[in-house]
Amino acid sequence: MTGDRRGFELRIGEIAVRGVELRRPDLLGPAFEAALTRQLHDRGVPPGWTTGEVRPPGRPLTLTVAPGAGAEEIAEGLARTVYEGLGG
């Protein structure tokens, strides 16, 4: 990484998780935030994210999870899906 860091703000209006029962749904939001932060750290910030050129995809982003998946596993998949769906 270089010393040139730029800030940006990413607002996600809604993440709807349907058809999955979580024992601790309250853990999903914080786990998603942590997982997306890891994606950005490991894979870098896509150029469009810092220039305001990110556009929502023209379709819902979907994720298939295994039965019994926990909040952490779902959050990792969601973060990867969001990152890739928004141009990463």
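Only heavy atoms go into these numbers, but all of them, side chains included; no hydrogens, no water, no symmetry mates.
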Is it the case that atom CD in Glu72 sees more than 12 heavy atoms from other parts of the structure closer than 6.0 Å? no

Show me the donor-acceptor pairs within less than 3.5 Å that the side chains of residues 16-31 make with the rest of the protein, sequence neighbours left out.
unit_1: Arg24; atom_1: NE; unit_2: Asp26; atom_2: OD1; d: 3.1
unit_1: Arg24; atom_1: NH2; unit_2: Asp26; atom_2: OD2; d: 2.7

Atom NE2 in His41, atom CG in Leu36: separation rounded to 0.5 Å? 13.5 Å

Are the side chains of Glu33 and Arg38 in touch, meaning some heavy atoms are under 4.5 Å apart? no

With a 4.5 Å limit on heavy-atom distance, are the side chains of Arg59 and Leu61 in contact? yes

Glu73 side, atom CD; Leu78 side, atom CG - distance, nearest 0.5 Å: 11.0 Å

Pick out which of Thr37, Ile74, Val82 makes a side chain to side chain contact (heavy atoms under 4.5 Å, CB included) with Phe32. Val82

